[in-house]
Amino acid sequence: MLFSTLAMQEVDGVVKALAGAVQQSGGAAPLILLLTVFALAVFLGVEIITKIPPTLHTPLMSGSNAISGITLVGAVLATGADNGTWAGILGFSAVVFATMNVVGGFVVTNRMLAMFKTKK
Amino acid sequence: MLFSTLAMQEVDGVVKALAGAVQQSGGAAPLILLLTVFALAVFLGVEIITKIPPTLHTPLMSGSNAISGITLVGAVLATGADNGTWAGILGFSAVVFATMNVVGGFVVTNRMLAMFKTKK
Amino acid sequence: MSPDLIDLSYLLAASLFIIGLKGLTKPRTAVRGNLLGALAMLIAVVATMLDQNIVSVTGLLIAIGIGSIAGTILALKIEMTAMPQLVALFNGLGGGASVLVAGAFLAGREFSERVTSGAGFADVLTATAASGLIGAVTLSGSLVAFAKLQELKFVKDVSFPGQKLVNLLLTVGAIGLGWMLVTQPEHAQLWYWVMAGVALGLGVLLVISIGGADMPVVIALLNSYSGLAASATGFVLNNNLLIIAGALVGASGLVLTRIMCNAMNRSLGAVLFGTMKSGGSSLSDDEVYTSVKSTSADEVAMMLEVSQTVLIVPGYGMAVAQAQHAVRDLTNLLLNRDVDVQFGIHPVAGRMPGHMNVLLAEADIDYDRLKEMDEVNSMMDQVDVAIVLGANDVVNPLARTDPDSPIAGMPIIDVDKARTVIVVKRSLSPGFAGIANPLFAADNALMLFGDGKQAISEITKAFDDA
Amino acid sequence: MSPDLIDLSYLLAASLFIIGLKGLTKPRTAVRGNLLGALAMLIAVVATMLDQNIVSVTGLLIAIGIGSIAGTILALKIEMTAMPQLVALFNGLGGGASVLVAGAFLAGREFSERVTSGAGFADVLTATAASGLIGAVTLSGSLVAFAKLQELKFVKDVSFPGQKLVNLLLTVGAIGLGWMLVTQPEHAQLWYWVMAGVALGLGVLLVISIGGADMPVVIALLNSYSGLAASATGFVLNNNLLIIAGALVGASGLVLTRIMCNAMNRSLGAVLFGTMKSGGSSLSDDEVYTSVKSTSADEVAMMLEVSQTVLIVPGYGMAVAQAQHAVRDLTNLLLNRDVDVQFGIHPVAGRMPGHMNVLLAEADIDYDRLKEMDEVNSMMDQVDVAIVLGANDVVNPLARTDPDSPIAGMPIIDVDKARTVIVVKRSLSPGFAGIANPLFAADNALMLFGDGKQAISEITKAFDDA
Ligand SMILES: NC(=O)c1ccc[n+]([C@@H]2O[C@H](COP(=O)([O-])OP(=O)(O)OC[C@H]3O[C@@H](n4cnc5c(N)ncnc54)[C@H](OP(=O)(O)O)[C@@H]3O)[C@@H](O)[C@H]2O)c1
Ligand SMILES: NC(=O)c1ccc[n+]([C@@H]2O[C@H](COP(=O)([O-])OP(=O)(O)OC[C@H]3O[C@@H](n4cnc5c(N)ncnc54)[C@H](OP(=O)(O)O)[C@@H]3O)[C@@H](O)[C@H]2O)c1
């Protein structure tokens, strides 16, 4: 008797938990998901770069530097929302900085790479 | 006429269902996160394999085949919860199949690779 | 175990899978890579089982026990030559597991609750359909590939007019049934199993028409499918680990398929759409074998004595005859007498990629002597005697000359350009692709009929006595 | 734009970043890779701006306009030789942006609501602290690197006793302040800015003691940091795209750092902990330059006439003199007279990795003639005349012989082992590392004093007249 009641309770718990687990990503799991994404991207970055010829070290450095200016997206979000003057100023400066990083980075990389082009 | 109306209704249903799925999560859409994880893993898989010597084709095939037996985790979840006899049978068979895939795959890969070992 | 801990274990397992897979791509780290993969799997399964939700642990353990024992026995008892079919079989089981897991999900309590509640979950249903469809194609396709490689009598190359159309119809039908599943979740199980049935048929038809020579490519592709099926199952269960591991295998399988296609000069498209040319002779034996000369072990030994460079090109026959140790002895003897010995390894010699490397490594032959096809072909004019040991298709000049042959365009080892070619095999019967080989009748070719191991031993003996 | 569409755009952008980064690693696809990266960034920014939550579009556009114009002008106007400092500068700006964004988050409305509600969000706070800390170190460190490379007068190599201890204290202090931020969210802004200030100081101290010769490694490392800072910002804002792009850059920067460390024979650990040896002469000029012989363009031309193999080793001086076109003319002339000309490219010749390749490519010199260090060193005994053109540190034999020199252990191009060495430079003054070079006084070495471009032109003329 007691045992079967216990089992029933357990089963009940299980069902609830399973239901929770399946919808989970809204609730408990986002941090883990974000960490997973981070880990995968790190592995990917390592794999991609591992065999690069010295000639391309500098273009890669400046090109990937431009990519790291992705903070621009964060800056746009920060300045865009209505968050008061102080946050606005911070956001505005962040956008200026990040844009310089991004635009300047891609342009200078392109300029550098243009020199390698085989001119026939 | 009739046909097109029916089709329209059907499509409507699917769109609503899809929208529902996404909203249900609240905040960051889980489906997108899962898709992101999937995409990253695909990129990673491609990068990792691109330069593999022919000697290792078969071990890689059987080793990665063993990894694809990860369905085992799904099978364990399926058989573990109390879902009725039919689901239980399906789950049980799935566990047997997947375990054979996993265990057999790793063992046979190991056996194959053991032959390459330099015996001094 | 708390959900967080489980998630962390999954993240750890995923990382280990990645590192393991990477290890598998380098000879030095391959063994460790494989073990890391196994460790990752162990962590994943144990973490899952420690989940409080798991109720019937006994049943689970029984199932795992059965699977482990069966898998281990198969893996340990199988002949080396039968490895490829074993991989195909395991692969099919993996696909089958995906079908069953998705099916169990539809039969489960949570699913019926969600259907009753009327909440939309088209994404999960789509993933379920994908899991079932891809899994079923993988299952039946792999089993057919298994049967073909095992040369089971009841499986023939089947092709009939309109086959492509039938394949297309089945594909459309299976997808349509999947669509019904998504739109009518009340009848999910019905649609699901019908769809799975159709997909099983599709898998059979897709693979059954493909010539055996292309089987390694098919297996690599099916391997990729089984990964994708696992990934789809991950979307069904909202499980990251399944998604990642499945995607890794899916992608790497696809890349491997492409690499192997290049090695055999097949287009990936032709594989994907099941339109590879099947085997079938374009020239009759009588036409080809007009002037075959045969030789003896003594004569070969004499030729070797006056040679400077000997090239050995092994093939499936060496595996069958288990001649690798005899080859090692001959090699050592020749090297002692200052005859240079090299091995020409064709990427698809034997019945699995790397088959020859495995066997020669088993016999302790120096790794540096195993040369890849391109390298060997560029030094062919310096080869005094080329010994073709149980190889056939991989040295068949028809690949270069006859655009209608089933191996047309496959790069071969050009032994016909060596000074003298000795072909060691038991008869004039064809190899895997089932076609005659004009090499055997070439002016510079001599046949040494007999079992590979015995023939090589005889040569060694004759050479040693001389 | 609906949240879903934005998320999908982010996924697309992330994929493009990956493909672009991959493209950047191969000469053939590098240009396209860079453009794909830019496209991805455009998609990401536009998608973000179409978010309904964005209120003040005007301000945003102004900020973006300012940044774009300033960035473009800098990028287009800068001398090729000043590229490295420009990259350092941009990198610092990126780090600074991370500091500001995390700061803006703490100053924002959503944050104060969450603090008032009392809901725990230690993970987000940790990410905020990381973003500020790493970003600030990147900012100040990059600016110092910029100043050093630009050779600004007010930045000297600073090192004082107990520097390591101070660095350690600052690191611990910054982390401690971050911890305060996490535990006392009410005072988050206070702790945050104090922490950022300490981290700025740390960045300065870490980089200021590092010798200029190691600067490229430092920049690669700071580049990696700026990626990690962006990733941390992604955790703050719960934004996948930032996490992925940042992690890609973080990882690739680290790998690049390691590759460059290997090229310069520095340990990664020494870079990470800011303990690289600083420049400083170990031998005085008088000791080294006892028997320097100088020569003339005519004499060199005569030597070239009787040479079969000429090796040109360019360095920073070629960049300063813009001598690459003169070199091209000399090369073509020599080739016409059947003298073989090769180029020895040291991985850190010049002021940025690949600097020499860029310049020589600009002058249309055949890519195949540019040989990497190892290859050149192994053929050095066949070189009749080695022309060292404005290079100094990369051919300094002290790297091999003097374990106390700041370049000790760096692999060099062994021109001292060629038959004759001609060194073209304006004086005996040292190169980047600031140390004397015994090569100039070697028996087989002749100095040709003068500006690089002019000297080479004179040689060409003398050779042509002969
Ligand atoms: N490597 C892979 O991944 C893989 C996988 C599946 C299929 N394949 C296909 O298999 C073929 C491989 O070419 P291959 O040249 O290695 O082999 P093959 O073309 O199949 O020829 C093998 C030859 O070995 C001979 N042989 C069999 N047993 C022997 C014994 N005991 N002693 C001596 N000779 C014996 C046979 O002739 P007798 O009967 O006259 O002795 C046969 O002609 C290709 O068509 C390839 O596409 C490759
Ligand atoms: N490649 C990189 O990534 C990078 C980045 C930063 C730092 N570094 C460091 O920079 C150094 C590079 O070595 P390096 O050998 O290329 O250069 P270097 O050691 O800096 O020597 C350059 C030499 O060029 C001469 N020079 C300057 N202007 C000249 C002109 N107009 N005509 C002729 N000669 C001229 C200078 O001597 P005079 O003044 O007597 O003419 C100087 O000795 C290494 O220490 C490296 O670690 C490299």
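We name chains A, B, ... by the order of the sequence lines, and we start the count at 1 in each one. Just so it is clear, the model here is predicted, and its values are computed rather than measured.
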*Asks:* Apply the test side chain to side chain contact (heavy atoms under 4.5 Å, CB included) to residues C:Leu248 and B:Ser64: give CA-CA distance (whole Å), side-chain angles for both, the deciding distance (0.1 Å), then the verdict.
*Replies:* CA-CA 8 Å; C:Leu248 284 176; B:Ser64 65; over 6 Å; no
*Asks:* Is C:Asn223 reaching over with its side chain to a backbone N or O of B:Met61, donor-acceptor style, under 3.5 angstrom?
*Replies:* yes
*Asks:* Do the side chains of C:Leu60 and B:Phe92 get nearer than 4.5 Å, heavy atoms only?
*Replies:*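 The answer is no; the side chains never approach within 4.5 Å.
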*Asks:* Taking the side chain as every heavy atom from C-beta outward, state whether C:Leu256 and B:His57 have any atom pair closer than 4.5 Å.
*Replies:*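 They are in contact (side-chain heavy atoms under 4.5 Å apart), so the answer is yes.
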*Asks:* Checking B:Leu35 against chain C: side chain, backbone, both or neither under 4.5 Å from a heavy atom?
*Replies:* both
*Asks:* Measuring from atom CE of B:Met100 to atom CD1 of C:Ile64, what distance do you get when rounded to the nearest 0.5 angstrom?
*Replies:* 14.5 Å
*Asks:* So do B:Thr58 and C:Val358 actually touch side chain to side chain, heavy atoms under 4.5 Å?
*Replies:* no
*Asks:* Pick one of side chain, backbone, both or neither for C:Leu89, based on which atoms fall under 4.5 Å of a heavy atom in chain B.
*Replies:*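 For C:Leu89, no heavy atom lies under 4.5 Å from chain B.
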*Asks:* Tell me the closest heavy-atom pair linking B:Ala41 and C:Ala247, and the distance in Å.
*Replies:* CB-CB, 3.5 Å
*Asks:* Select one option (side chain, backbone, both, neither) describing which atoms of C:Ile259 are under 4.5 Å from chain B's heavy atoms.
*Replies:*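 Contact with chain B involves the side chain of C:Ile259 alone.
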*Asks:* Is there a side chain to side chain contact (heavy atoms under 4.5 Å, CB included) between C:Leu39 and B:Phe106 once you walk through the steps?
*Replies:* CA-CA 10 Å; C:Leu39 175 66; B:Phe106 283 124; over 6 Å; no
*Asks:* Between B:Ile70, B:Val96, B:Ile52, B:Val95, which residue shows the highest count of heavy-atom pairs closer than 4.5 Å to chain C?
*Replies:*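 Top count of heavy-atom pairs under 4.5 Å with chain C: B:Ile70.
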*Asks:* Is it the case that over 12 heavy atoms from other parts of the model lie below 6.0 angstrom from the CD atom of C:Gln189?
*Replies:* yes
*Asks:* Of the backbone (N, CA, C, O) and the side chain (C-beta and beyond), which part of C:Met83 lies under 4.5 Å from a heavy atom of chain B, both, or neither?
*Replies:* side chain
*Asks:* Nearest 0.5 Å, please: how far is NZ in C:Lys26 from CG in B:Leu60?
*Replies:* 13.0 Å
*Asks:* Regarding C:Ser226 and B:Ser68, is there a side-chain donor-to-acceptor distance under 3.5 Å anywhere?
*Replies:* yes
*Asks:* What part of B:Ala66 is in contact with chain C, defined as an atom under 4.5 angstrom from a non-hydrogen atom: side chain, backbone, both or neither?
*Replies:* backbone
*Asks:* For residues C:Gly94 and B:Asn101, report the shortest heavy-atom separation together with the two atoms involved.
*Replies:* CA-OD1, 3.1 Å
*Asks:* Quick check for you: among C:Ile345, C:Asn34, C:Leu370, which has the greatest number of heavy-atom pairs under 4.5 Å with chain B?
*Replies:* C:Asn34
*Asks:* Once rounded to the nearest 0.5 Å, what's the spacing between atom OG1 of B:Thr79 and atom CD1 of C:Ile62?
*Replies:*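 Separation between the atoms: 10.0 Å.
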*Asks:* May I ask you to name which of C:Gly246, C:Gly96, C:Ser98, C:Gly95 has the most heavy-atom pairs under 4.5 Å with chain B?
*Replies:*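 Heavy-atom pairs under 4.5 Å are most numerous for C:Ser98.
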*Asks:* Looking at side-chain heavy atoms only, is the closest gap between C:Leu24 and B:Leu113 below 4.5 Å?
*Replies:* yes
*Asks:* For the candidates C:Leu242, C:Ile244, C:Leu359, C:Ile73, which exhibits the highest count of non-hydrogen atom pairs separated by less than 4.5 Å from chain B?
*Replies:* C:Leu242
*Asks:* Name the option with the most non-hydrogen atom pairs under 4.5 Å to chain B; the candidates are C:Leu241, C:Ile78, C:Ile219.
*Replies:* C:Ile78
*Asks:* Do B:Leu77 and C:Asn239 have side chains that approach each other closer than 4.5 Å (heavy atoms only, starting at C-beta)?
*Replies:*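 SC-SC contact between B:Leu77 and C:Asn239 confirmed.
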*Asks:* Given that the side chain runs from C-beta out, which part of B:Ile67 has a heavy atom under 4.5 Å from chain C: side chain, backbone, both or neither?
*Replies:* both
*Asks:* Tell me, for C:Tyr10 versus chain B, whether the close heavy atoms (under 4.5 Å) come from the side chain, the backbone, both or neither.
*Replies:* side chain
*Asks:* A side-chain contact here means heavy atoms from C-beta on lying under 4.5 Å apart; do C:Leu21 and B:Ile49 qualify?
*Replies:* yes
*Asks:* Within the distance-only criterion (no hydrogens, no angle test), does the side chain of B:Asn65 pair as donor or acceptor with the backbone N or O of C:Val87 below 3.5 angstrom?
*Replies:*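 Yes; at least one donor-acceptor contact below 3.5 Å.
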*Asks:* So, the side chain of C:Arg109 versus the backbone of B:Gly84: is there a donor-acceptor pair under 3.5 Å, distance only?
*Replies:* no
*Asks:* Using non-hydrogen atoms only, which part of C:Leu74 is less than 4.5 Å away from chain B: side chain, backbone, both, or neither?
*Replies:*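 Side chain of C:Leu74 only, per the 4.5 Å heavy-atom cut-off to chain B.
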*Asks:* Test C:Leu86 against B:Val108 for side chain to side chain contact (heavy atoms under 4.5 Å, CB included), laying out the working first.
*Replies:* CA-CA 9 Å; C:Leu86 189 65; B:Val108 87; 3.6 Å; yes
*Asks:* Would you please test B:Leu56 and C:Thr25 for side chain to side chain contact (heavy atoms under 4.5 Å, CB included) and show each step?
*Replies:* CA-CA 7 Å; B:Leu56 288 176; C:Thr25 64; 5.6 Å; no
*Asks:* Under a 4.5 Å heavy-atom cutoff, which of B:Val37, B:Val73, B:Val46 has the most pairs with chain C?
*Replies:* B:Val73
*Asks:* Identify which of C:Ile69, C:Thr233, C:Val45, C:Leu76 forms the greatest number of heavy-atom pairs closer than 4.5 Å to chain B.
*Replies:* C:Leu76
*Asks:* Provide the closest heavy-atom pair for C:Ala107 versus B:Trp86 in the form atom of the first, atom of the second, distance.
*Replies:*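 Scanning both residues, the minimum pair turns out to be CB-CD1, 3.6 Å.
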*Asks:* Against chain B, label C:Ser231 side chain, backbone, both or neither, depending on which of its atoms sit under 4.5 Å from a heavy atom there.
*Replies:* side chain
*Asks:* Picking from C:Ile66, C:Asn91, C:Leu125, which has the most non-hydrogen pairs under 4.5 angstrom with chain B?
*Replies:* C:Asn91
*Asks:* Just wondering, more than 12 heavy atoms not from C:Arg32 lying within 6.0 Å of its CZ?
*Replies:* no
*Asks:* Measure B:Val102 against the heavy atoms of chain C and call it side chain, backbone, both or neither at under 4.5 Å.
*Replies:*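 Only the side chain of B:Val102 comes within 4.5 Å of chain C.
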*Asks:* Is any side-chain heavy atom of B:Ile48 closer than 4.5 Å to a side-chain heavy atom of C:Ser252?
*Replies:* no
*Asks:* Would you call the rings of B:Phe38 and C:Phe235 parallel, tilted or perpendicular if under 30° counts as parallel and over 60° as perpendicular?
*Replies:* perpendicular
